[in-house]
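Structure record follows, encoded as structure tokens.
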Amino acid sequence: KNNFYENNFRVSIRNDGSVNKSPTASPLPVRATADDKTPLDQQKESNAEQISLTAISYQSNLELPPPGGVAHVGEGINFYLRLGALAFAFGSVTLDGLHIATYFETITTETCESEIFILVYVMHLLFTFVQTFFIFKNHKLVINKQKPFVRFGMMHLMATNICVLIVTAVMETNEDYRLQSYIVNNVTLEGTKSCYEEVTLARSASPYLFPCTIIYSIIGAGIIYRLYQYIGVRIKQRWPSHTSFTSSAPTGASAIDCDKANKGLFLGLLVAVFTLIAIATFFVFESRLQDMFTAVKVLFTTEIVLMIITGLGIAWGYIRLSKLKFITSQFLSVDSVLLLVALAGSYIYLCFKLIAVSTSLQGNVAGILSLITTIFSICQITEQTVFILDGLCRCAENDNQMMQKPGRAVVTFLLVCNLALWVVSMFEVKKTRVVRLHEEFYGILAWNIITHLCVPLIIFFRFHSAICLSKMWYNAYQKEKTT
């Protein structure tokens, strides 16, 4: 009883089987010692114990949601993945807002957009906001009524996210191609001022923000598909519940600390500082000194160093985590599938880069660094994906492993390094515009299609790798959950 109840809370079971928690008007009295108990006290305690055991027995056999009902009892989505969806949604709606502001910026020029483009961006902004609120709040939702209509709605939502992804890639490719064609040809109709003659906020921010829309669509489609899988499924409840009566956070969340992870954390922060210095140097060479080739060399060198460090860290981490128990049933989770989708896009992009650089290499330093970076990237993402997929299936086998936490410092270090690589990957488009080997090899239009489809997946791979590592950081050092 002491484990299941807290002094200041009353727990009751509603008619639909859900658990209700509410503060009591007055706290329960402190348990008396055996010498202080009267026969009446002993009788009350015996009755309370019978009621408690009855409630526990009833709840342990309960299945939710009831027929024709809904309940938040599903497996749920990683909190950091939902937080990422929120962050990328913010980037997406920011770009929509800048596109809407373009109408007022170009009021004296010929617009490059359709007459209804403002309505499209407003509707997309509202859709993103409403869907983000829905998946953030209802990620554990299980629906057991009107299942055909619910399945249709979920499939429609998933298809909508995929369509937004495709349309965004096509529109950004078209816009970028038309802009580059205008710069090359400088064609303007007589008496008409082209919209490309003015640099708008949306056009300046688009290379950095359009990946947010594509990544958000991938995450949204993944979460919606997970909800689709739980339609009509009844979840057997176990006592005690997986959440505390006094908090909405998962059990154990309050106990999360940096035990056995301090070395990895501080080494990771050192790498992060090095990365920030390199990015600051990049902006100095790009903006103030107008030396783009040196700026890009700085980014290439930074990326190569990060690849080597993380590659060595992954090898050491695999040795350490191999001591933990492997659970085959956890292999195909939502996080694993999203990681594999991002890996496929990364492979496509890096292979295209490798073909272009290896066949058009002219001996310049930037081209050589691009070739080295591409080869190292292919090796590193392959090694890291294998490590993460293996680590997501690991758990502690005994209490000693729960205390020792083998490999936790390495996981912490890799998590911070992937965040650093995520920041560096945001400048991928800029690098390809300076080193034009790829564009000259494939042509402007073909290379624009490749970059606009694949670069967001590379950015998402780095981000989602950090998400998966954060999941490993906690789950790998817990015992296997009994079913």
Side-chain angles (χ1 to χ4, degrees), residues 207-208 211 214-215 218 268 271-272 274-275 278-279 282 295-318 338-361 364-390 413-439 441-442 447 449-469:
Y208 302 100
I214 295 179
I215 295 171
I218 295 172
V271 171
F274 164 75
T275 305
I279 291 173
F282 165 82
V296 169
K297 290 175 190 176
V298 170
L299 277 183
F300 277 134
T301 306
T302 304
E303 200 168 354
I304 291 171
V305 172
L306 287 173
M307 296 289 182
I308 295 172
I309 292 173
T310 52
L312 295 173
I314 290 167
W316 176 243
Y318 186 79
L338 289 176
L339 187 68
L340 291 173
V341 170
L343 178 69
S346 302
Y347 272 149
I348 293 171
Y349 178 72
L350 292 172
C351 287
F352 275 122
K353 278 186 68 177
L354 185 62
I355 293 169
V357 173
S358 58
T359 55
S360 306
L361 194 60
N364 58 357
V365 178
I368 295 172
L369 287 175
S370 178
L371 177 62
I372 297 172
T373 304
T374 304
I375 295 172
F376 277 29
S377 296
I378 293 173
C379 297
Q380 195 272 340
I381 65 174
T382 303
E383 184 187 19
Q384 180 169 285
T385 302
V386 173
F387 173 72
I388 290 175
L389 293 178
D390 178 83
F413 174 73
L414 292 173
L415 194 158
V416 180
C417 284
N418 270 276
L419 290 175
L421 283 166
W422 174 46
V423 174
V424 172
S425 66
M426 300 291 285
F427 298 90
E428 186 65 34
V429 175
K430 270 190 173 293
K431 289 191 297 183
T432 58
R433 287 182 179 175
V434 175
V435 183
R436 294 191 173 274
L437 295 174
H438 324 90
E439 189 177 286
F441 183 82
Y442 293 108
W447 183 242
I449 294 172
I450 293 169
T451 53
H452 285 87
L453 282 175
C454 297
V455 168
L457 291 174
I458 287 184
I459 298 171
F460 179 59
F461 177 83
R462 294 300 176 191
F463 172 78
H464 194 57
S465 294
I467 298 296
C468 293
L469 288 166

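Interatomic distance, Ile450 CD1 to Cys454 SG, rounded to the nearest 0.5 Å: 7.0 Å. To the nearest 0.5 Å, atoms CD1 (Ile215) and CG (Leu338) are separated by 11.5 Å. Atom CG in Leu421 sits 5.5 Å away from atom OG1 in Thr310 (nearest 0.5 Å). To the nearest 0.5 angstrom, Ile467 atom CD1 is 8.0 Å from Leu419 atom CG. Atom-to-atom distance recorded for Phe376:CZ and Ile308:CD1 is 4.5 Å, nearest 0.5 angstrom. Note that the CD atom of Glu439 and the CH2 atom of Trp447 stand 9.0 Å from one another [nearest 0.5 Å].
You'll find the side chain of Ile214 stays beyond 4.5 Å of the side chain of Phe460, heavy atoms only. By the 4.5 Å heavy-atom criterion applied to side chains, Ile348 and Leu457 are not counted as neighbours. Residues Thr385 and Leu339 meet the side-chain proximity criterion, which asks for heavy atoms closer than 4.5 Å. Considering only heavy atoms from C-beta on, Leu369 stays 4.5 Å or farther from Val296 through its side chain. In this structure, Thr359 and Leu437 have side chains that are not in contact, with every pair of non-hydrogen atoms separated by 4.5 Å or more. Taking the side chain as every heavy atom from C-beta outward, Thr302 and Phe274 approach each other to under 4.5 Å. Annotation: side chain of Phe387 is in contact with side chain of Leu469 (closest heavy-atom distance under 4.5 Å). Proximity of Phe441 to Val357: side-chain heavy atoms (C-beta onward) are nowhere separated by under 4.5 Å.
Applying the side chain to side chain contact (heavy atoms under 4.5 Å, CB included) test between Lys353 and each of Thr374, Leu371, Thr373 identifies Thr374 as the sole match.
Scanning all heavy atoms of the two residues, the minimum distance from Val271 to Cys417 falls at CG1-SG, 4.0 Å. In plain terms, the two heavy atoms of Ser377 and Glu303 that are nearest each other are OG-OE2, 4.1 Å. For the pair Phe282 and Ala295, the tightest heavy-atom approach, listed with the atom from each and the gap, is CD1-O, 3.3 Å. Residues Gly268 and Phe413 share a closest heavy-atom pair of N-CD1, 3.5 Å. Here the closest heavy-atom approach between residue Thr382 and residue Ile378 is recorded as OG1-O, 2.7 Å. Of all non-hydrogen atoms in Ser425 and Ile458, the two that sit nearest each other are CB-CG2, 4.3 Å.
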**OP:** Take Leu389 and Leu340 through the side chain to side chain contact (heavy atoms under 4.5 Å, CB included) test and state the conclusion after the steps.
**Re:** CA-CA 9 Å; Leu389 293 178; Leu340 291 173; 4.0 Å; yes
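Judged by distance alone, the side chain of Asp390 and the main-chain N or O of Val386 form no donor-acceptor pair under 3.5 Å.
Ring orientation note: the planes of Phe352 and Tyr442 are nearly perpendicular, at an angle over 60° on the 30°/60° scale.
Residues in residues 449-467 take part in these side-chain hydrogen bond (donor to acceptor under 3.5 Å, both in side chains) pairs, two or more places apart or across chains: Gln380-Arg462, Gln384-Ser465. Among pairs with a residue in residues 366-381, none fulfils salt bridge (charged side-chain N to carboxylate O under 4.0 Å, His left out), at least two apart in sequence or across chains.
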